[in-house]
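Quick note: numbers below take in every heavy atom, side chains included, and nothing from hydrogens, waters or symmetry partners.
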Protein chains: 2
Amino acid sequence: MVSRVRSFNRTVTQRAGALNDAFLSRDRPLGQARLLWEIGPDGSDVRRLRARLDLDSGYLSRLLRALENAGLVIVEPSGADGRVRTVRLSAAGLAERAVLDQRSDEAAAAVLGPLTPCQRARLVQAMAETERLLTASAVEVAERDPRHPDARFCLQAYFGEIGRRFDGGFDPARSLISDDEMTPPAGLFLVASLHGEPVGCGGIRFRTGAPAYIKRMWVSPAVRGLGLGRRLLAELEARAVARHAPAVQLETNRTLSEAITMYRSAGYQEVAPFNDEPYAHHWFEKAQGDNWREG
Amino acid sequence: MVSRVRSFNRTVTQRAGALNDAFLSRDRPLGQARLLWEIGPDGSDVRRLRARLDLDSGYLSRLLRALENAGLVIVEPSGADGRVRTVRLSAAGLAERAVLDQRSDEAAAAVLGPLTPCQRARLVQAMAETERLLTASAVEVAERDPRHPDARFCLQAYFGEIGRRFDGGFDPARSLISDDEMTPPAGLFLVASLHGEPVGCGGIRFRTGAPAYIKRMWVSPAVRGLGLGRRLLAELEARAVARHAPAVQLETNRTLSEAITMYRSAGYQEVAPFNDEPYAHHWFEKAQGDNWREG
DNA sequence: TGCATTCTCTGACTATAGTCAGGCAATCGC
DNA sequence: GCGATTGCCTGACTATAGTCAGAGAATGCA
């Protein structure tokens, strides 16, 4: 399998690499073109760009100056924070970006060009599958403090979403778990990131000799269908096993049907309510060790 | 479809680009590492390397010198031609290349790592399909004189192959077509290339008011299954149409079963022998205009 | 044999990518 | 209010990639 992946890398970097460079190298250096592209039609904060492109602040500053001198971008102080600066494309910058866009379209069309319609359809489908799975593999899962900005972002997104989905809304204050309980050694909190941006989370609380308790499982809509929920769950379960938890418990709301399906297919069995979580309709449990009788 | 291709390019250059760079950038500059890799365990002519990597001769010379000074390669005069020099890896160079190889393996394994076995299988399959079709799309077809080195290469390969496959061998001298007949204006010859290397060919001879005659269709074993035979055939037919040929004819040997299948599925109908080609067992014809009655 | 070509190498360049240290202003936290 | 931090900028670097012109030796061709 590894050799297949390598062979793919080789072919694709030859082909797509050529594409990418061609689309960028108009008459402008690649770095500038990439930046121009990344700024986007709606503009962006300089620090966002720095994080996204992973550039040295000095280098980015210089690139921006070059684009500014070329009349392609306008750099202004951001309203809220006087230190932050925002960049947006000027009319000329937008035009330039449109050209890049068109070149990119043409390059992509040139890939499809020599193929028969049937081959094209198959290629596009295979590309979509490859892309989805490569994206899934690019997601990184790491332990984080629940108070970490990335964790907070996920939790806010989670609360926002269930607030919209639960029949009577959702009030985090009524919840049965606190940040402290998902912080070592009482428990832990996992955040999944894609290209540095948080896209999913899940927390667990350990109780000596008793089932571990999973809470706050969330996957960003942007990456759903990549198996991330299952992966987070597996990672949490692995940590429960490492802590000798005999089983893992969780509960969920009836409106979260995908989650319920996922829990069932991951081996969770519905059990009688083991707590009085006000928003729960289903309680699940999965044995982890040999020392737990099926409930 | 174009946007799907672009999205793929974006994702994959991020991911595979990182891969490729990571695998190369050990402590050596990327250009040197790529060269080290490309020299391969069996060594290579300098001019081959220059063609394959598409490098400036001065630049390549300098890269070789750097590798030589580092004790990784040995550059010697080639035996046959005093101008040409050959490069081979020293023991240290082989070791270095093995390290690159291993890094590359590790990088590929890291892609598969976060996925479930099922996802891995799907990814590998989708990658293989994408690679096959991207390769197919990278093949370029161009008119060439049959005496051009690339054309000669294909013809030699073709003669060699049918010499092995035909029951009683094959003698090109007994063939019914000459180079002149596949040269404009009498006819033309197409050569398919992949990354500059010839991988297929096909010739056609025109006869005013009579069917055009296709000959010397060959596809390198390395690229079989990519639809290149069909593509060459379609290109030849298009040129026959442009020359107002009412139909296209060809004949083939019974041992070339894949070719026979391909001709049939491309719309060719078997007809009575229209010539006395000594090596033929099947004669095919396909109408191109409206002014040709089915044979 | 003589002339053009091929192959490799050297020297002299340029441009891009990227790093590092430090400075200045705005903001945050106590 | 004050110190630490953040965000952006400038200056001074280095290294890599790549180009261009030309030299010198070997070879091919007439």
Side-chain angles (χ1 to χ4, degrees), chain A residues 13 17-18 20-39 43-70 73-88 147-149 152, chain B residues 13 17-18 20-39 43-70 73-88 147 149:
Chain A
T13 46
N20 238 30
D21 290 355
F23 121 66
L24 291 166
S25 70
R26 193 165 130 73
D27 44 353
R28 201 164 305 291
L30 190 138
Q32 286 181 32
R34 195 160 45 191
L35 179 55
L36 190 65
W37 181 265
E38 205 66 36
I39 289 169
S44 173
D45 285 353
V46 170
R47 66 172 162 186
R48 267 189 100 82
L49 291 171
R50 200 169 49 233
R52 209 151 14 139
L53 293 171
D54 192 31
L55 294 176
D56 174 85
S57 68
Y59 184 31
L60 175 56
S61 179
R62 226 175 304 275
L63 287 174
L64 281 174
R65 195 102 344 166
L67 291 176
E68 201 174 25
N69 289 338
V73 306
I74 298 158
V75 183
E76 307 165 306
S78 171
D81 187 332
R83 295 166 302 182
V84 176
R85 308 195 72 188
T86 44
V87 200
R88 59 188 175 85
R147 284 163 291 255
H148 184 283
R152 289 252 75 87
Chain B
T13 46
N20 238 31
D21 290 355
F23 122 65
L24 290 167
S25 71
R26 191 167 130 73
D27 43 352
R28 201 163 304 292
L30 191 137
Q32 286 182 31
R34 194 159 45 193
L35 179 56
L36 190 65
W37 182 264
E38 205 67 36
I39 289 169
S44 172
D45 286 353
V46 170
R47 66 172 163 187
R48 265 190 102 81
L49 291 172
R50 200 168 50 234
R52 211 153 9 139
L53 293 170
D54 192 32
L55 294 176
D56 175 84
S57 67
Y59 184 32
L60 175 55
S61 180
R62 225 176 303 276
L63 288 175
L64 281 175
R65 196 102 348 186
L67 291 177
E68 201 174 25
N69 289 338
V73 306
I74 297 158
V75 183
E76 307 163 307
S78 170
D81 187 332
R83 297 166 300 183
V84 176
R85 308 193 74 189
T86 44
V87 201
R88 60 188 175 83
R147 283 164 291 257

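Rounded to whole angstrom, the span from the CG atom of A/Leu30 across to the C1' atom of D/dG18 amounts to 14 Å. In this structure, A/Asn69 atom CG and D/dC9 atom C1' are separated by 14 Å, rounded to whole Å. B/Leu35 has its CG atom 14 Å from the C1' atom of D/dA17, to the nearest Å. Per the geometry, CZ belonging to A/Arg62 stands 14 Å off P belonging to C/dC20, to the nearest Å. Protein atom CG of A/Leu55 is 14 Å distant from nucleotide atom C1' of D/dC8, rounded to whole Å. Residue B/Leu63 contributes atom CG, which lies 11 Å from atom P of C/dC9 at whole-angstrom precision. Distance A/Leu49 CG to D/dG7 P: 13 Å, rounded to the nearest Å. In this structure, B/Asp56 places its CG atom 6 Å from P of D/dT19, rounding to the nearest Å.
Judged by distance alone with a 3.5 Å cut-off, no donor-acceptor contact links the side chain of B/Arg83 to the base of C/dT8.
Taking every heavy atom of both residues into account, B/Pro77 and B/Thr86 meet most closely at O-OG1, 4.1 Å. In this structure, B/Gln32 and B/Ala66 approach most closely via the heavy-atom pair NE2-CB, 3.5 Å. Nearest heavy atoms, A/Leu64 versus A/Leu35: CD2-CD2, 3.9 Å.
Taking the side chain of B/Arg50 as heavy atoms from C-beta on, and the options C/dG18, D/dA17, C/dC7, the nearest nucleotide is C/dC7. Comparing atom distances between the B/Val84 side chain and each of C/dC9, D/dA17, C/dC7 picks out C/dC7 as nearest. Comparing D/dC9, C/dC9, C/dA17 against the side chain of A/Arg85 picks out D/dC9 as the nearest. Closest contact between the side chain of A/Val75 and the listed nucleotides D/dC9, C/dT19, D/dT27 involves D/dC9.
Contact annotation: A/Arg65 does not reach the phosphate of D/dC8 (side-chain N/O to OP1 or OP2, under 4.0 Å). Note on B/Arg28: every side-chain N or O is 4.0 Å or more away from OP1 and OP2 of D/dT16. Remark: B/Arg47 is in phosphate contact with C/dC7, judged by side-chain N or O atoms under 4.0 Å from OP1 or OP2.
Under the 4.5 Å side-chain criterion, counting only non-hydrogen atoms from C-beta, B/Leu53 is not in contact with B/Leu60. Using a 4.5 Å heavy-atom cutoff, the side chains of B/Leu67 and B/Val75 are not in contact.
Backbone-only engagement by A/Gly31 is indicated by non-hydrogen atom pairs under 4.0 Å involving sugar-phosphate atoms exclusively.
Each of B/Asp45 and A/Gln32 has a nearest nucleotide on DNA chain C; the 5'-most of these lies closest to B/Asp45. Of the residues near DNA chain D, A/Asp81 and A/Tyr59, the one whose nearest nucleotide (by heavy atom distance) lies more toward the 5' end is A/Asp81.
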